[in-house]
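Structure, as structure tokens:
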Protein chains: 2
Amino acid sequence: MRIAELSRHSGTSIPSIKFYLRERLLTAGTATGRNQAEYGDGHLYRLRLIRALIDVGGLTVAAARDVLAAVDTPELPPHFLLGAAHGALNRPRRRDADDPSWRSARDEVVALVRARGWHVDDDCPDFDHAADAVAAFRALGQDDLLECMETYADAAELVAAREVDTVIARGEPARMVEGVVTGTILGEAVLNALRRLAQQDASARRLVDTGDLA
Amino acid sequence: MRIAELSRHSGTSIPSIKFYLRERLLTAGTATGRNQAEYGDGHLYRLRLIRALIDVGGLTVAAARDVLAAVDTPELPPHFLLGAAHGALNRPRRRDADDPSWRSARDEVVALVRARGWHVDDDCPDFDHAADAVAAFRALGQDDLLECMETYADAAELVAAREVDTVIARGEPARMVEGVVTGTILGEAVLNALRRLAQQDASARRLVDTGDLA
DNA sequence: GTTAGTGGATAGCGCCGCTATCCGCGCGGA
DNA sequence: TCCGCGCGGATAGCGGCGCTATCCACTAAC
């Protein structure tokens with residue numbers, strides 16, 4: 001397959017493909033001459049993965065590169081790949097770690113995780129992200145919404161258990177690796193969309209003055 | 001309060017505040033002279049809300065403006081505000097609606113929502129976002145991860161019910177409006193972070209070869 | 001009266017994700 | 001055999017976004 005065909009099958013413009021090659025998200029095709037190369041199904045799959053990470057998952061090109069680099073490390077056990085995938089999802093830090101209200105928000109999240117017996121590395125950046133949001137709730141005087149935290153944790157436990165089981169059921173390490181990345185990033189998009197749909201429903205049930213929902 | 005003080009209390013630079021004024025995310029202070037104005041606690045709160053939406057929620061400035069405009073529409077019932085908040089969260093469309101695999105992914109999501117009896121407007125853009133992700137799973141040959149869909153829906157129902165109940169418990173419409181916006185946007189950030197933490201735990205329990213987690 | 005600071009306007013910057021253009025070469029059809 | 005399209009590779013540029021810098025006339029505070 002040459003680049004034009006790759007472009008047609010993937011729905012990605014040739015300049016974009018060249019861009020991804022330059023940025024090392026995509027490996028070069030196997031050269032068949034001085035200025036001719038052949039691309040395979042692997043390239044097509046990879047391109048679809050890139051577009052999914054960027055378009056659906058909302059990753060930046062740099063983040064996608066990090067995720068893909070982790071995917072390409074064959075000896076990386078799936079559990080550590082998960083950490084790599086999460087690491088690449090991190091948007092730059094927002095809050096100042098010296099802000100005492102932020103620190104207490106973070107401590108609160110750590111306490112919640114500890115209370116549930118989750119075994120997570122203490123300096124995992126996800127704590128910081130959760131703390132950003134918790135601190136924002138507090139700063140905006142929306143403390144009562146933090147009553148939902150345990151429910152969030154319940155929901156998180158529920159979906160994480162299911163996802164990890166599904167991925168592990170694959171058995172084959174290479175496919176587990178793919179599953180970790182796609183499940184983490186695309187699963188987030190699905191969950192967020194379903195949550196918003198469920199909110200619409202819950203809100204309609206409670207707030208819309210009507211008897212004829214049928 | 002003058003602008004310097006507003007800047008200090010909010011941790012936002014004066015040029016940024018001026019930028020938000022220009023972009024109409026923030027209303028002008030009450031003028032006390034030809035080139036002097038006074039800002040109140042409302043401005044400080046608003047600025048904190050802006051930063052939370054942009055930094056924590058990941059909204060663009062334009063999306064934040066739309067959300068804030070909805071918040072400022074006093075007669076808007078909370079249920080419709082929810083729609084407005086969701087609308088502002090929409091990233092630009094990705095998939096072509098003519099793509100049959102995308103259409104079938106969307107139909108699948110609609111069927112799931114129908115089966116659960118959720119009452120949601122059929123052309124809600126959240127369907128499209130979910131469809132994007134589902135279609136991506138399929139395109140990447142990760143169909144087995146779609147077995148998690150029901151679990152995602154369970155989790156979504158769980159958290160949405162709790163969130164909506166919490167907001168409704170406030171009673172006062174103005175505070176409900178605040179709760180809808182912050183709950184939707186910041187809650188998403190919390191849920192996503194907790195899900196990733198839970199994934200780390202689930203993955204560690206099943207994949208890490210160790211007996212001494214203590 | 002001096003000076004730091006103000007609101008307001010305009011222009012510019014830095015990053016990001018592409019996109020356009022050019023180049024010398026090879027492949028494929030007549 | 002020759003021609004012309006397409007190739008790969010490289011470099012430069014573009015458009016949008018979220019600020020940021022500068023300038024201005026003015027004024028409150030010392």
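Letters go in sequence order (proteins before strands), and every chain restarts at 1. Values below: all heavy atoms of this structure, side chains included; hydrogens, waters and symmetry mates excluded.
For B:Y20 and C:dG8, the OH to P distance is 18 Å, given to the nearest whole Å. Distance CZ (B:R22) to P (C:dG8): 12 Å, rounded to an integer number of Å. Rounded to an integer number of Å, the gap from CG of A:N35 to P of D:dG8 is 8 Å. In this entry the distance linking CG of A:L6 with C1' of D:dG6 reads 15 Å, nearest Å. Across the protein-nucleic acid pair, A:I50 atom CD1 and C:dG17 atom P stand 13 Å apart, rounded to whole Å. As rounded to whole Å, 11 Å separates atom C1' of C:dG5 from atom CD1 of B:I3. Between the P atom of D:dG18 and the CD1 atom of B:I54 lies a distance of 7 Å, rounded to the nearest Å. Taking atom CD1 on B:I14 and atom C1' on C:dA9, their separation rounds to 16 Å, with Å as the unit.
Shortest non-hydrogen contact noted between A:Q142 and B:Y45 is NE2-OH, 3.5 Å. In terms of heavy atoms, A:V134 sits closest to A:A105 at CG1-CB, 3.8 Å. Of all non-hydrogen atoms in A:T12 and A:R51, the two that sit nearest each other are CG2-NH1, 3.2 Å. Minimum heavy-atom separation, A:L21 to A:T27: CD2-O, 3.4 Å.
In terms of phosphate contacts, B:S16 brings a side-chain nitrogen or oxygen within less than 4.0 Å of OP1 or OP2 of D:dT20. Within the structure, a side-chain polar atom (N or O) of A:S13 is placed less than 4.0 Å from OP1 or OP2 of C:dT19.
Side-chain proximity of A:Y39 to D:dC19, D:dG8, C:dG17: nearest is D:dG8.
Where B:R2 and A:F19 meet DNA chain C, the nucleotide closest to each residue was compared, and B:R2 sits on the side nearer the 5' end. Along DNA chain C, the nucleotide closest to B:K18 and the one closest to A:P15 are compared, and the more 5′ of them pairs with B:K18. Residue whose closest nucleotide on DNA chain D sits further toward the 5' end, between A:G33 and B:V61: A:G33.
Among the atoms of the strands shown, only primed sugar atoms or phosphate atoms (P, OP1, OP2) are found under 4.0 Å from some heavy atom of A:A4.
In this structure, B:H79 and B:V180 have side chains that are not in contact, with every pair of non-hydrogen atoms separated by 4.5 Å or more.
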